[in-house]
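Input: a single structure, listed below in structure tokens.
So you know, we letter chains A, B, ... as the sequences are listed, proteins then strands, and number each from 1.
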Number of protein chains: 2
Amino acid sequence: MARRSDHSREEIKEMALIAAEKMILEKGLSGLSARKVAQAIGYTVGTLYLIFKNLDDLILHVNARTLDRLYQKMTADKPLPSDSQNALLQLAQTYISFADEESQRWKIVFEHHSEEEHTPNWYMERVTRMFTQVEKHLQALAPHKSAVEIKNAARAIWGGVHGICILAITGNLGVAGVESVDDLTQSLISNYLKGFTSN
Amino acid sequence: MARRSDHSREEIKEMALIAAEKMILEKGLSGLSARKVAQAIGYTVGTLYLIFKNLDDLILHVNARTLDRLYQKMTADKPLPSDSQNALLQLAQTYISFADEESQRWKIVFEHHSEEEHTPNWYMERVTRMFTQVEKHLQALAPHKSAVEIKNAARAIWGGVHGICILAITGNLGVAGVESVDDLTQSLISNYLKGFTSN
DNA sequence: ACCTGAACACCGTTCAAGT
DNA sequence: ACCTGAACACCGTTCAAGT
């Protein structure tokens, strides 16, 4: 049994999140339990509740890390796309492959509706950050549009990409394979942009 | 305690689903438990397992009923729209208000990923049925397109509408209110259609 | 034949008591 | 100060036994 001062609060937090991610990877959200996390890191459940408000809070932290990973992939250096439209398509593709490759991790971001009234700011910032990436390319593509129009277009497009992804993963789309998802997304974005930039 | 032959299998099933829906309406998926459903209908848990394979199966049946309700709203007689584009926008609006008004019920359709390898046919049919509605109007709008093109466009659009909805409801969109969701959807559909019908 | 009741192996969360 | 251990009030699922 671990004794006090074996690890700092931060160390325990980190260990717990890593253990939780491993369980989620293996068996999804239903494979996760506070007791199992505690056991995996060599502490009792009680200790976990000194660090996280509850299991929901722990999951929220896992989700924040998932958003971090995705953001990293979205901002990683890639062969420079020929134009902003291709940059957007590439962003979408990154999103789709992330959802595909890390589907267990990714699903939970939307499966888990925190009981809290108000999603904490440190979490919301991670969401906003992703939209900013999309807005950047949209602005370059349609310089005559207002900030509000760009903001809305980013949300429409990104919502669209996300919707196709999640319907595919939950089996509610009636298609199979990453390629189909890719095709649908390409179609969605390029047709949308044709309309968006023409007025 | 209920005794045998008090109710038929079908009656018990119906009672259980109604009780489950009530719990979901009040406290979401986490407010649902097999034991509570059993108690609510005056039978023991054991009986529930004679009728449903497990709790997942029960939830799948609840979801099928949710899809039925939505489908009914989507096919209900409305003031006839002036054209197919407006018909599509109206379908989307129906979807959005359903997601808004019955959000607890609706969320679960996508929260719940059945452990089964293969989603049963009776469930998939209810999903396909909705896409058929969208395809109908798309076909009228773009008669020169092939069946495959129509099918994909329907999935792209509907995925898009869905994505905006679910991001809004899970607080991952950074906007609030049904109106914003409506606006984003209108923008998504009309811009997409402009591109789709022009080639 | 239909249903129960009790068992099994788990949960999340709290908190007095130990070191 | 930090952590434990045991308690409380729950779970899903199974299945021998009762009527």
Quick check for you: among [options], whose closest atom lies nearest to any side-chain atom of [X]?
{"X": "B:Leu50", "options": "D:dT4, C:dC3, D:dC3", "result": "C:dC3"}
{"X": "A:Tyr43", "options": "D:dT4, C:dT13, D:dT13", "result": "D:dT4"}
{"X": "B:Arg35", "options": "C:dG12, D:dC3, C:dA7", "result": "C:dA7"}

Would you say [X] reaches [N]'s phosphate, i.e. side-chain N/O to OP1/OP2 under 4.0 Å?
{"X": "A:Thr47", "N": "D:dC2", "value": "no"}
{"X": "A:Ser33", "N": "C:dC11", "value": "yes"}
{"X": "A:Tyr49", "N": "C:dT14", "value": "no"}

Is any side-chain heavy atom of B:His162 closer than 4.5 Å to one of B:Ile166? yes
pair_partner(C:dA1), Watson-Crick or wobble, both distances < 3.5 Å, evaluates to D:dT19
Given that both distances must come in under 3.5 Å, which nucleotide forms a Watson-Crick or G-U wobble pair with C:dG12? D:dC8
Is the charged tip of A:Arg69 near the ring of A:Phe98: under 6.0 Å from the six-membered ring centre and within 45° of its axis? no
Decide whether a cation-pi geometry holds between B:Lys136 and B:Phe131; the criteria are a distance under 6.0 Å from NZ or CZ to the six-membered ring centre and an angle within 45° of the ring axis. no
Using whole Å, report how far [atom1] of [X] lies from [atom2] of [N].
{"X": "B:Met23", "N": "D:dG12", "atom1": "CE", "atom2": "P", "result": "10 Å"}
{"X": "A:Ile59", "N": "C:dC11", "atom1": "CD1", "atom2": "C1'", "result": "13 Å"}
{"X": "A:Gln39", "N": "D:dG5", "atom1": "CD", "atom2": "C1'", "result": "14 Å"}
{"X": "B:Asp6", "N": "C:dC2", "atom1": "CG", "atom2": "P", "result": "13 Å"}
{"X": "A:Ile12", "N": "D:dC2", "atom1": "CD1", "atom2": "C1'", "result": "9 Å"}

Between C:dA9 and D:dA9, how far is it from one P atom to the other, in whole Å? 23 Å
Residue met sooner reading DNA chain C from 5', once B:Gly46 and A:Ala34 are mapped to nucleotides: B:Gly46
Applying a strict under-4.5 Å side-chain criterion to I, L, V, M, F, W and Y, I'd like to know whether A:Tyr71 and A:Trp122 cluster together. yes
Base, sugar-phosphate alone, or nothing: which one does A:Lys36 contact when heavy atoms must sit under 4.0 Å apart? sugar-phosphate
Considering residues, nucleotides and ligands other than A:Glu26, do more than 12 of their heavy atoms fall under 6.0 Å from its CD? yes
